[in-house]
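Have a look at the structure below before the remarks.
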Amino acid sequence: MIQLFHVSKLYQKEVPALQDLNLHIPKGDFAFITGPSGAGKSTLLKLLFAEERPTNGQILIHGRNIARMPVSRIHTLRREIGIVFQDFKLLPNRNVFENVALALEVLGMPRREISRRVWLMLKRLGIHHKMRANPLTLSGGEQQRVAIARAQVNEPTILLADEPTGGLDAEASQRIMEVFADVNARGTTVVVATHNLEIVRTMGRRVIHLEAGRLVSGGNP
Amino acid sequence: MNRLLSSIGRAATNLRQSWLISSITIGIISICLFLVGGYLLITYNLQGVFEAWKDQVLITVYLRDGFPEDDILLLQDRLSSLPEVHAVTYTSKEKALEEFGAMLGEDRFLIEGLDRNPLPASLQMTPKEPYRNLEGVRTILAAIGDDPLVQDIQYGQDWLDRLDKLFYLLDFGALVLGLTLSLAAVFIISNTIKITVMARRDELEIMRLVGATEGFIRLPFLVEGVIQGMAGALISLGLLGGVHLLVSTRSDQPLLKMLNLDSLSFLPLTAMGAILLGGMVLGGLGSLASVGRHSR
């Protein structure tokens, strides 16, 4: 469960990126965050995985106030949250399998268990046949599926995605959304920031709309 | 233990994957440590030369004529028992003349037929090692005190004064040069390692995003830095050994003649150990510092 109480974020004194945001995303929800460029969508996601700290307000994730979480404990939060970006953030010096395995290596999991889980996750997303390939040789849609596999392989309870279809064509975008719907159907809370309104309309899920750092609609489910 | 082994494995993979930049880092570390080691090698050998100069510090006590030899031997005993004195040698008037004649060689006739021996008897005192300097000699002079037998004392005051100043200058110069070289090495090495860390900043970012602890992220970098430092240090020692072999086996050896040395010494084990350890510490710390700068 994600709860925000009166959250504000100021990068510069005059320009607030987010203002007095109150939000409630229950466990298992699927929500889009929409709004024009500069509305605060990415900032909101960054606050949720503690890449940024709020200037004011409290953010509770599963009841834990991450606004006050010490830096040394942030890794425990990140293990509960899978994150997907528009630019995939895959390592070119590792193959597909090794990119996904990274999320389990940091947990200190035995190699055999890592291999089993990565294989199952790649199979689920239909890219197991490319597991020895360099990610740079894959199409955009395939790269995004590898990124989702990495974000999901350690079975986090929340999946955050920042413009995940940004560089993809309509067909690839639709497939990625189907993957998100599948992830959500398995019980994971999914939050997707996008300005692709066509996708939002097609999916028919909850929409949290931001403008100029303020919540316009969809604050409560 | 498992974590360390896994970190060593990851460090080895990283070194293999980025072999070019790792080789450059190792090369730069070895050049820096070669310069520091070369400096140590030169000062170590020069120290031997200067120590040999110190061995030549000698106090000559000239004695008045007319005193019985028993009195002289008593004075010799007294001076020998001084804690600062290593040895006292007695040269009688006759022996002094004989030695002077030997020194004159073909011109020996100059002193033949003298109605009396003009050379005084003397005692040559060698100070113990810590007193082979101006201050030490002054301590011994004070201990000799006023003695009716003593006519004059000579110890090459000007020479000793200059030797003292030279030692001070060398000590100070060695310290400044050594510190400057070491600091330059630290600066260059840490910046080189920074480049390797910068090249992997995406990996650092992703590891943090998937929930890696700082320890998990830093340990392979630390291991990698230590391995690079060790490799650089071993190469620098190899290079120093090569240069040492080349210089010391040259047939004409003008350098040895100039320095009045029988042979050039290589670095002692402690200095080699210090270079190896220094390389490992520099590599490890340089890595950690660079990773730290890319922290959240």
Side-chain angles (χ1 to χ4, degrees), chain A residues 45-46 48-53 69-85 87-95 98-111 114 118 134-136 146-162, chain B residues 1-25 193-225 227-228 287-296:
Chain A
L45 289 188
K46 282 179 182 172
L48 294 181
F49 65 88
E51 179 74 7
E52 299 282 354
R53 297 294 182 123
M69 185 176 265
V71 172
S72 60
R73 302 298 304 160
I74 286 177
H75 69 274
T76 60
L77 171 76
R78 300 261 171 97
R79 289 173 184 187
E80 292 175 28
I81 298 176
I83 310 158
V84 176
F85 297 93
D87 60 356
F88 323 125
K89 294 198 190 291
L90 298 173
L91 295 171
N93 60 344
R94 289 174 176 244
N95 63 30
E98 290 164 343
N99 265 281
V100 178
L102 188 67
L104 299 177
E105 283 171 15
V106 304
L107 304 176
M109 198 174 274
R111 188 132 290 277
I114 291 176
V118 172
N134 184 300
L136 296 183
V146 176
I148 295 170
R150 185 181 61 197
Q152 279 295 291
V153 73
N154 63 341
E155 297 169 358
T157 52
I158 298 170
L159 179 66
L160 304 178
D162 192 4
Chain B
M1 193 63 194
N2 273 345
R3 199 170 143 194
L4 184 65
L5 285 177
S6 133
S7 294
I8 292 172
R10 280 163 55 211
T13 308
N14 288 341
L15 283 170
R16 204 174 49 245
Q17 283 175 342
S18 49
W19 64 270
L20 182 63
I21 202 153
S22 296
S23 307
I24 294 170
T25 308
I193 292 173
K194 195 170 141 188
I195 295 169
T196 71
V197 175
M198 281 282 282
R200 297 227 296 273
R201 62 186 186 281
D202 289 346
E203 193 175 333
L204 289 175
E205 184 192 354
I206 291 164
M207 284 175 117
R208 287 183 174 120
L209 283 176
V210 295
T213 59
E214 283 302 300
F216 183 90
I217 294 169
R218 288 180 193 210
L219 198 55
F221 278 98
L222 175 69
V223 172
E224 204 178 320
I227 292 173
Q228 287 174 334
S287 246
L288 275 190
S290 305
V291 178
R293 267 176 282 196
H294 285 84
S295 287
R296 299 180 179 92

I'd like to check [X] versus [Y] (side-chain heavy atoms, cut-off strictly below 4.5 Å). Are they in contact?
{"X": "B:Met207", "Y": "A:Leu102", "value": "yes"}
{"X": "A:Arg78", "Y": "B:Val210", "value": "no"}
{"X": "B:Glu214", "Y": "A:Ile74", "value": "no"}

For this session: Check each atom of A:Arg94 against the heavy atoms of chain B and say whether the ones under 4.5 Å are side chain, backbone, both or neither.
Result: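 Interface part for A:Arg94: side chain.
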Exercise. For A:Leu91 and B:Asp202, which heavy atoms make the closest approach, and how far apart are they?
Worked result: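 Closest pair (atom of A:Leu91, atom of B:Asp202, distance): CD2-C, 4.0 Å.
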For this session: Please indicate whether A:Arg73 has more than 12 foreign heavy atoms, meaning atoms of other residues, nucleotides or ligands, lying under 6.0 Å from its CZ.
Result: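 Atom CZ in A:Arg73 is not packed in, count stays at 12 or less.
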Exercise. Between A:Arg79 and B:Thr213, is a side chain to side chain contact (heavy atoms under 4.5 Å, CB included) present by the stated rule, with each step listed?
Worked result: CA-CA 10 Å; A:Arg79 289 173 184 187; B:Thr213 59; 3.7 Å; yes
